[in-house]
Amino acid sequence: MPAGRLGPAAQSARRPPPLLPLLLFCVLGAPRDGSGAHTAVISPQDPTLLIGSSLQATCSVHGDPPGPTAEGLYWTLNGHRLPPELSRVLNASTLALALANLNGSRQQSGDNLVCHARDGSILAGSCLYVGLPPEKPFNISCWSKNMKDLTCRWTPGAHGETFLHTNYSLKYKLRWYGQDNTCEEYHTVGPHSCHIPKDLALFTPYEIWVEATNRLGSARSDVLTLDILDVVTTDPPPDVHVSRVGGLEDQLSVRWVSPPALKDFLFQAKYQIRYRVEDSVDWKVVDDVSNQTSCRLAGLKPGTVYFVQVRCNPFGIYGSKKAGIWSEWSHPTAASTPRSERPGPGGGACEQRGGEPSSGPVRRELKQFLGWLKKHAYCSNLSFRLYDQWRAWMQKSHKTRNQHRTRGSCSRADAARREVLPDKL
Amino acid sequence: MDLRAGDSWGIIACLCTVLWHLPAVPALNRTGDPGPGPSIQKTYDLTRYLEHQLRTLAGTYLNYLGPPFNEPDFNPPRLGAETLPRATVNLEVWRSLNDKLRLTQNYEAYSHLLCHLRGLNRQAAAAELRRSLAHFCTSLQGLLGSIAGVMAALGYPLPQPLPGAEPAWAPGPAHSDFLQKMDDFWLLKELQTWLWRSAKDFNRLKKKMQPPAAAVTLHLEAHGF
């Protein structure tokens with residue numbers, strides 16, 4: 001070995017090298033023994049075993065006599081010396097080992113079983129692969145983005161803990177056209193996922209399954225049959241705008257655009273809107289927004305910032321009877337409701353929320369009343385819009401009325417409003 | 001140059017800081033032509049960066065190989081690793097290397113090491129580890145390119161691949177998994193040693209390309225150091 005040319009100075013591998021030259025030496029490579037001439041062979045070499053099984057191994061030394069004998073040899077497993085009672089000298093040059101009830105491998109590259117000479121140097125090694133065969137993967141779910149690709153996810157059987165490297169392969173084929181295909185792009189949305197980027201056919205169902213293989217065996221999931229058109233998802237609606245509705249303090253208007261990729265096919269798209277107050281984590285969801293591109297949120301708190309998101313479901317695309325898959329939520333858009341301008345008693349703080357007609361219970365009751373009225377009283381013109389217009393008018397006239405007042409309390413004005421309410425209807 | 005290891009590192013660090021803060025290395029050269037200085041500096045920086053990257057990668061990889069490979073004093077026999085290019089060299093030999101030979105040795109070493117690294121077939125490793133390995137290979141490729149740049153700037157020809165050392169060197173099919181693990185271990189160790197050595201190689205080259213110390217002092221004063 002070239003390093004040997006330098007002599008004993010280089011042998012002091014353990015001390016921090018005091019001289020620059022020593023840094024140049026592969027310190028760990030500094031030879032410290034002559035045992036390079038003797039090697040051994042472990043049998044079996046790199047075996048694969050089931051958890052709980054036993055292993056009989058041997059370490060046979062060879063080298064020129066008077067070479068090493070089996071005396072003084074010992075075993076380590078993953079760096080830990082094995083108890084001597086597990087070893088047995090078979091003959092002059094062979095040491096045997098008996099391991100029982102093996103645990104799963106500590107690392108997927110295999111447990112390191114090593115045969116050492118008396119001085120600790122390594123004579124031979126063998127990698128033990130101890131584990132379980134894979135269990136059936138299950139729970140395959142797939143979705144197609146704009147009918148262009150297919151991404152699938154699955155759950156490995158037995159939570160994936162086989163202690164051995166397990167290879168998962170997603171296969172698919174068109175139902176009536178025999179050829180099996182294998183997905184190539186793995187780990188796109190998590191460890192057990194695959195992405196098929198192109199060459200997907202519509203109108204014929206696909207059969208999809210996952211095969212799991214490791215050194216101890218293989219397993220195959222159940223076959224999932226699906227039609228691309230039934231699992232379509234799309235991008236979230238772009239251009240979501242939230243704006244105030246005139247001076248109304250408890251409403252915001254949300255507008256969006258139909259996702260462009262499926263624009264020509266989304267006759268029956270469904271949307272969902274969710275919104276929350278700035279500091280809250282609780283979202284309120286508006287469901288059943290069918291095929292519109294705008295919506296008015298009501299019952300909101302005045303002078304508050306709201307975050308709003310919209311998502312889309314390409315329901316019934318190309319005549320599919322099923323709902324599609326909801327898109328991601330759009331980026332949050334924020335807007336604030338106008339501040340309540342009604343002065344409180346004593347002209348200052350406004351906190352009489354209970355008296356406001358825009359509060360939840362009153363509005364709900366009003367909605368129910370209007371609904372009933374529509375059914376029984378032929379008042380087709382009645383609508384929330386009309387009610388809102390009236391409120392806007394009330395606010396304006398309230399302002400002008402207040403300007404003429406001296407510093408009176410607001411509660412009387414509120415009481416007046418409460419009286420006005422039933423009359424108007 | 002019989003310095004203590006600590007001192008030499010201190011000087012190197014100081015030199016690095018000085019060179020870093022000077023507005024531009026070309027300013028040091030009186031003739032105004034930047035010369036190979038900037039690319040030598042860049043190569044030096046790359047070796048330091050790679051050394052840092054390797055530390056993390058090696059830690060993760062050795063953990064994947066499992067104990068005793070990840071133990072600090074592990075020293076297995078170097079069996080298959082005989083074909084790896086050795087960074088270890090006699091001090092006098094190293095000092096007396098001419099620039100061309102110094103650069104050639106570096107270039108050939110990293111070519112071989114990159115080959116071996118690419119041949120590492122670690123299907124069983126986690127996707128994350130495989131990505132880190134691929135990323136490191138790309139960085140190492142960058143270092144090779146940088147060394148080639150320095151050689152071109154100095155007018156030296158790039159070494160041709162030797163007929164005996166085919167890039168497709170691979171262990172025989174009978175190579176056991178444990179032997180493969182030992183090979184992996186030594187590959188990482190040799191890479192580490194080469195990066196340590198290359199830093200000194202390029203530092204030495206850098207100092208050779210600089211004008212004498214007096215000029216450096218002048219500039220330091222001019223820039224208010």
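What you see is a predicted model; the values in this text were computed from it and never measured. Numbers restart at 1 for each chain; the letters A, B, ... are given by sequence-line order, proteins then strands. Computed over heavy atoms, backbone and side chain alike; hydrogens, waters and symmetry mates excluded.
Atom CZ of B:R130 has more than 12 heavy atoms from other residues, nucleotides or ligands within 6.0 Å. Shown here is A:E185, whose CD atom has more than 12 heavy atoms of other residues, nucleotides or ligands within 6.0 Å.
Between chain B and the options A:H187, A:H165, A:H80, the largest number of non-hydrogen pairs under 4.5 Å is found for A:H165.
In this structure, A:R106 CZ and B:N63 CG are separated by 7.5 Å, a value rounded to the nearest 0.5 Å.
A donor-acceptor distance shorter than 3.5 angstrom exists from the side chain of A:S109 to the backbone of B:Y64, with no hydrogens or angles considered. With A:D46 contributing its side chain and B:D177 its backbone, the two residues share a donor-acceptor pair below 3.5 Å.
Residues A:Q107 and B:P67 approach most closely at OE1-CD, 3.6 Å, considering heavy atoms. A:N112 and B:G66 make their closest contact through ND2-O, 3.4 Å (heavy atoms, listed as atom of the first residue, atom of the second, distance).
Heavy-atom distances place both the backbone and the side chain of A:N78 under 4.5 Å from chain B.
One finds no salt bridge joining B:K181 and A:D111 here, because no Lys/Arg side-chain nitrogen approaches an Asp/Glu carboxylate oxygen to under 4.0 Å.
Using a 4.5 Å heavy-atom cutoff, the side chains of A:L128 and B:F178 are not in contact.
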